There are 2 protein chains.
Amino acid sequence: MTRPRLTQQERTERTRELLLDATVDCLVELGYARTSTNEICRRAGVSRGAQQHHFATKAELMANAIEHLVTKLLASMSEHPPSSLPGPDRVAMGIDMLWQGYSGSLSTAVMELWVAARTDPELRAAMHPIDKGLARRTSELFREMLGDQVAPDQPEQPQKDMPLWLTVNLIRGLALDAMLGGDPVRRDQLLQEWKTIAVKTYGA
Amino acid sequence: MTRPRLTQQERTERTRELLLDATVDCLVELGYARTSTNEICRRAGVSRGAQQHHFATKAELMANAIEHLVTKLLASMSEHPPSSLPGPDRVAMGIDMLWQGYSGSLSTAVMELWVAARTDPELRAAMHPIDKGLARRTSELFREMLGDQVAPDQPEQPQKDMPLWLTVNLIRGLALDAMLGGDPVRRDQLLQEWKTIAVKTYGA
DNA sequence: AAGTTTACCGGCAGACCTGATTGTTTCTTC
DNA sequence: GAAGAAACAATCAGGTCTGCCGGTAAACTT
């Protein structure tokens, strides 16, 4: 016969996970404005009391959701194995990886939080360090894929990061377009065009 | 002695203008989530009754704010005279024009509405036609600046629009970065780099 | 095994916010 | 100039959302 109840730590972990996942769900499906703690609790199958016990305020819940989200996003990007295929197409592969990461529903949730954070100082403060971490990790992943030797403590080389950040910003624009129901075919054409240009400019 | 009260039409026009401007103000300053009809009325110096008289529902107010906003945005873009300077720098000028248009506070408000519209069918429906109009007009402006003969009823030439839409999406990504307090210097560098690439790829 | 801490429950109150409704004043029209 | 329409004012009612609080039971501590 199994234990009738989990250990405290397990319970905490499980409940927090349920809440954070439900939060992300709500952000994707309802958007930040319509996301209420009530609905989050309903989806998580957790009482409002429990929610408040783990995350005292809504802002706190959201702040933790960000970290949860970024962790998942980086994981999904790391999935695509950064095996450095030979050839000049590594730039194109890097772009594909970024598109994979930034075009899914996870990035939709992140976008909601970004926009909300613009006018919410508390949320903004919580996001800032996590955002920096995401940027750093993305840069590392990109360089790994390009086959560069990653020397973390080396002085910054902004030149090196140009293709990365051009791509990231373009992709964020495309992600926005996708959110609004733009034409997927045209998005692919644009991404394809960018890959061609990027390979020609930065490749090999 | 002047008329103690304006004519009906003038009053209507003025009140609507006040309300829509206040709405945009709220969107920029508070974000969509925290924008309430109450606050809009307060800023516009108009009673809630008046607001409801002109825009029955909040969604209707927002929907009209979009049009108001896009009109202003196009006006601000048209300001920059599309005088076709000679030389291959016309592409760079076009990019500058787009950046001018899409990087101000107007585009912040538009962004708020876009994100809100993702999960609000009514708002989404209202935005769709206006969005298409914006896209069409932007394309025309861009072509004018490039010195192309604009032949409106000509069959679509997607090839021609590649540099435009690559630029627009990149700029939207950069605008998002600006909203979140990214580094302005790096944004300039990225835009500069893109101009160089675009001129080399599409210029002259 | 008693006491303490922790996780969780569910109701409550205060603060908005939105849409509706009724009343008042001024313009317009006939 | 009288009737009707339009612009506006002000209050009301219904709903939702958030944060708080007292209570319970299980898990940990000693």
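Here is how names work: the chains are called A, B, and so on, in the same order as the sequence lines, proteins then strands, and each is numbered from 1. In this text, all values refer to a predicted model and were calculated from it rather than measured experimentally.
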Could you give the [atom1]-to-[atom2] distance, from [X] to [N], as a whole number of Å?
X: B:R42; N: D:dA10; atom1: CZ; atom2: P; answer: 16 Å
X: A:L18; N: C:dC9; atom1: CG; atom2: P; answer: 11 Å
X: B:N38; N: D:dT11; atom1: CG; atom2: C1'; answer: 13 Å
X: A:M62; N: D:dT18; atom1: CE; atom2: C1'; answer: 12 Å
X: A:R11; N: C:dT5; atom1: CZ; atom2: P; answer: 19 Å
X: B:R16; N: D:dA7; atom1: CZ; atom2: P; answer: 10 Å
X: B:E39; N: C:dC17; atom1: CD; atom2: P; answer: 9 Å
X: A:E10; N: C:dC8; atom1: CD; atom2: C1'; answer: 17 Å

Would you indicate which nucleotide in [options] comes nearest to any side-chain atom of [X]?
X: A:H54; options: D:dA27, C:dC9, C:dA7; result: C:dA7
X: A:K58; options: D:dT18, D:dA7, C:dC8; result: D:dT18
X: A:R48; options: D:dC20, C:dT18, D:dC28; result: D:dC20
X: B:A50; options: D:dA27, D:dC8, C:dG19; result: D:dC8

Q) Do A:Y202 and A:T167 touch side chain to side chain, with heavy atoms closer than 4.5 Å? A) no

[N], OP1 or OP2 - any side-chain N/O from [X] closer than 4.0 Å?
X: A:S36; N: D:dC17; result: yes
X: A:T37; N: D:dT18; result: yes
X: A:T15; N: C:dC8; result: yes

[Y]/[X] salt bridge by N-O under 4.0 Å criterion:
X: B:E39; Y: B:R42; value: yes
X: A:R137; Y: A:E140; value: yes
X: A:D131; Y: A:R124; value: no
X: B:R43; Y: B:E29; value: yes

Q: Under 4.0 Å between any heavy atoms, over every strand shown, what does B:S47 touch: base, sugar-phosphate, or nothing? Just pick one.
A: base

Q) If each of B:G49 and A:V46 is mapped to the nucleotide of DNA chain C with the nearest heavy atom, which maps nearer the 5' terminus, i.e. the 5' end? A) A:V46

Q | DNA chain D: 5'-proximal contact among B:H53 and A:T57 (nearest heavy atom) | A | B:H53

